[in-house]
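Read through the structure below, which is laid out as structure tokens, and then see the notes.
In what follows, residues are counted from 1 in the order of the sequence shown. All values derive from a computational prediction rather than experimental measurement.
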Amino acid sequence: MAFFKVLSSFFMLTAFHSSTFSLAHPGVDFGWDGSFHPGGGFSGLFPGFYQYSCPQANDIVLSVLEKAIAKEPRMAASLLRLHFHDCFVQGCDASILLDDSASIVSEKGSGPNKNSIRGFEVIDEIKAKLEEACPQTVSCADILALAARGSTVLSGGPFWELPLGRRDSKTASLTGSNNNIPAPNSTLQNLITLFKRQGLDEVDLVALSGGHTIGMARCVTFKQRLYNQNGDNQPDETLEKAYYNGLKSVCPKSGGDNNISPLDFASPAKFDNTYFKLILWGRGLLTSDEVLLTGNVDKTEELVRRFAEDEALFLNQFATSMVKMGNISPLTALNGEIRTNCHRIN
């Protein structure tokens with residue numbers, strides 16, 4: 001009966017938010033050319049992992065997310081990003097949540113994360129409610145994955161069948177966080193290299209970059225484009241002029257590093273394909289957004305154009321690529337642990 005309640009609430013939720021349902025197969029990527037590739041590896045994860053041990057897990061996650069995102073729509077993007085930054089460092093193992101301790105040097109202090117990643121209080125609230133309902137059962141790593149999917153759905157994006165069963169790491173990697181997470185001023189070749197390191201291809205790169213359809217970025221992440229893109233004290237010539245002038249008013253040459261601007265100024269809280277349309281119009285915010293079109297790689301340029309033309313194509317591929325990313329090197333079986341507090345090992 002509990003299973004049918006969960007199923008019923010899911011269909012009510014997705015209908016209410018007009019989300020797209022994707023049948024992205026766990027651990028499998030049907031490539032852009034229609035060919036079949038093994039994806040991020042099934043690795044013992046499967047969608048029904050908590051069906052008997054904690055059937056209400058997803059409902060609990062969604063109940064917390066609904067309140068948090070209603071209060072602050074930006075939180076959806078923050079939680080999506082938290083999962084991404086976790087998976088790119090020693091796999092999807094919640095290492096990003098660990099605080100400094102005698103045995104841990106936290107990833108929160110890395111260049112890509114410091115004063116940047118957020119949403120920990122939402123994860124903590126979800127964890128507390130899950131521990132109350134199902135003690136020592138649902139991992140922090142799975143909470144991050146569930147929160148990323150829920151945040152996407154609640155922003156109007158696709159639902160996907162999410163393989164579960166990740167366990168939590170007992171280690172973190174500050175070095176890995178500094179070296180593996182793409183910077184906002186990355187070249188296209190650097191982006192491709194960092195994604196391939198995780199078993200992700202150019203299709204995954206462009207689709208997952210589409211997560212920038214929601215959320216904000218700090219001035220410090222795009223200031224270079226406005227004032228000194230190539231070391232010659234000139235702006236990035238790919239920026240559309242009116243957009244460039246608007247960004248200068250938000251992000252002055254001196255100071256204002258923590259001022260924020262939408263990654264998708266046309267629909268910053270709606271998960272859609274506008275992000276790709278803006279890139280075509282010279283209105284992508286970050287260098288790492290713009291180079292998908294202008295970085296002289298035909299495949300990424302073609303994908304930007306096709307996703308801009310066909311929203312359903314983008315949403316389905318985003319879901320598929322999220323499953324693939326979520327399958328990066330999970331800890332399963334007797335590896336790792338189920339943390340009772342996501343910030344420290346047991």
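- For residues 137-151, every residue pair satisfying the salt bridge (charged side-chain N to carboxylate O under 4.0 Å, His left out) rule, not counting sequence neighbours, is listed here: D142-R166.
- Checked against side chain to side chain donor-acceptor pair (under 3.5 Å), Q198 has no partners two or more places apart in sequence or in another chain.
- Listed for the Q90 side chain is a donor-acceptor partner under 3.5 Å among the backbone atoms of T171.
- Within the model, atoms CZ of F120 and NZ of K108 stand 4.5 Å from one another, a figure rounded to the nearest 0.5 Å.
- The main-chain N or O of D201 is found under 3.5 Å from a side-chain atom of D204 such that the two form a donor-acceptor pair.
- Counting heavy atoms from C-beta outward, R118 and E72 have side chains that approach closer than 4.5 Å.
- Expressed to the nearest 0.5 Å, how far CZ of R167 lies from OG of S169 amounts to 11.5 Å.
- Under the 4.5 Å side-chain heavy-atom criterion for ILVMFWY residues, no single connected hydrophobic cluster contains both V250 and Y243.
- Listed by first and then second residue, the ring pair (Phe, Tyr, Trp, His ring centres under 6.0 Å) pairs involving residues 55-110 are F84-F88, F88-F195 (not counting sequence neighbours).
- Residues meeting the side chain to side chain donor-acceptor pair (under 3.5 Å) test with T221, sequence neighbours left out: none.
- Taking NZ of K127 as the reference point, atom CG of L97 lies at 10.5 Å (rounded to 0.5 Å).
- Under 3.5 Å, the side chains of D289 and Y275 contain a donor-acceptor pair of N or O atoms.
- For I104, the side chain to side chain contact (heavy atoms under 4.5 Å, CB included) test picks out L98, S101, A172, with sequence neighbours left out.
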Criterion side chain to side chain contact (heavy atoms under 4.5 Å, CB included) on T152 and L80, from CA distance to verdict: CA-CA 7 Å; T152 301; L80 184 59; 3.9 Å; yes
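- Between L292 and L205 the shortest side-chain heavy-atom distance falls below 4.5 Å.
- Within the 4.5 Å cutoff, the side chain of Y227 has heavy atoms near those of the K248 side chain.
- Side-chain N/O atoms of D272 and S267 include a donor and acceptor closer than 3.5 Å.
- The main-chain N or O of F318 is never found under 3.5 Å from a side-chain atom of S321 such that the two would form a donor-acceptor pair.
- Counting heavy atoms from C-beta outward, L285 and F265 have side chains that stay 4.5 Å or more apart.
- Residue pairs meeting the salt bridge (charged side-chain N to carboxylate O under 4.0 Å, His left out) criterion with at least one member in residues 220-237, sequence neighbours excluded, are K223-D257, R225-D236.
- Around atom CD of E121, more than 12 heavy atoms belonging to other residues, nucleotides or ligands sit under 6.0 Å away.
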